[in-house]
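One structure below.
Computed from a prediction, not measured in an experiment: that's the story for all the values here. FYI, side chains are in, hydrogens and waters are out, and symmetry mates aren't considered; it's all heavy atoms of this structure. Position 1 is the first residue of the sequence; numbering continues from there.
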Amino acid sequence: TKRWGQEKPPITQLIEMANIPRLVIGCRDPIPEYAAKGAGALHAAGVSVTMGVMEEDCQKLIEGYAQLANEKVQRMARQHMKRFGRPMGHLHC
């Protein structure tokens, strides 16, 4: 996944660059459009990826984040960024 305007590369790229041979992921990203994208990219790059280790515990850890990340306003903001390439602003009168 390519990111624009940020100084640090995506974590998937850093894992590839570090030649990490095996990655264990507790649970998928709670944001549906991101779930398993990174794992798929790493698997395609030859990294051994195991998903779902202690999944219930991991889900509990990110429960608050998952709820916030999937609220309607957050989904709208992600769709806006994808469509227009910039963050969603506020309406001014």
Qualifying ring pair (Phe, Tyr, Trp, His ring centres under 6.0 Å) pairs, either residue in residues 49-88, two or more places apart: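 Counting only pairs at least two positions apart or across chains, the ring pair (Phe, Tyr, Trp, His ring centres under 6.0 Å) contacts touching residues 49-88 are His80-Phe84.
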
Side chain to side chain donor-acceptor pair (under 3.5 Å) against Glu71, all qualifying residues, sequence neighbours excluded: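 For Glu71, no residue satisfies side chain to side chain donor-acceptor pair (under 3.5 Å) once neighbours in sequence are set aside.
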
Closest non-hydrogen atom pair, Ala69 against Gln74: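 Here Ala69 and Gln74 meet closest at O-CB, 3.5 Å.
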
Shortest non-hydrogen contact from Cys58 toward Gly26: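 In terms of heavy atoms, the two residues are closest at SG-CA, 3.5 Å.
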
Donor-acceptor under 3.5 Å (Asn70 side chain, Pro30 main chain):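 Such a contact is found between Asn70 side chain and Pro30 backbone.
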
Nonpolar side-chain network containing Met54, other nodes, edges under 4.5 Å: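 In the cluster with Met54 are Val24, Val53.
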
Shared-cluster residues of Leu68, by chain and number - hydrophobic side chains joined below 4.5 Å: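 None; Leu68 is a cluster of one.
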
Other residues, nucleotides, ligands: >12 heavy atoms within 6.0 Å of Gln67 CD: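 Counting other residues, nucleotides and ligands, CD of Gln67 stays at 12 neighbours or fewer.
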
Going by the rule side chain to side chain contact (heavy atoms under 4.5 Å, CB included), which residues pair with [X] if we only count those two or more places apart in sequence or in a different chain?
{"X": "Lys82", "value": "none"}
{"X": "Val49", "value": "Ile25, Ala39, Leu42, His43, Val47, Met51"}
{"X": "Ile20", "value": "Ile15, Ala18"}

Spacing of Arg83 atom CZ and Gln79 atom CD [to the nearest 0.5 Å]: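 Rounded to the nearest 0.5 Å, the CZ-CD separation comes out at 9.5 Å.
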
Nearest-0.5 Å distance that lies between atom CD1 in Ile31 and atom CZ in Arg75: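 Reported to 0.5 Å precision, the distance equals 11.0 Å.
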
Of all pairs that satisfy salt bridge (Lys or Arg N to Asp or Glu O under 4.0 Å), the ones with a partner from residues 44-59, not counting sequence neighbours: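 Of all non-adjacent pairs touching residues 44-59, none passes salt bridge (Lys or Arg N to Asp or Glu O under 4.0 Å).
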
CA sep, side-chain torsions, deciding dist, call: Cys27, Ile62, side chain to side chain contact (heavy atoms under 4.5 Å, CB included): CA-CA 9 Å; Cys27 62; Ile62 64 167; 3.7 Å; yes

Pairs touching residues 19-33 that satisfy side chain to side chain donor-acceptor pair (under 3.5 Å), sequence neighbours left out: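 As it turns out, the side chain to side chain donor-acceptor pair (under 3.5 Å) pairs with a partner in residues 19-33, which skip direct neighbours, are Glu33-Arg78.
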
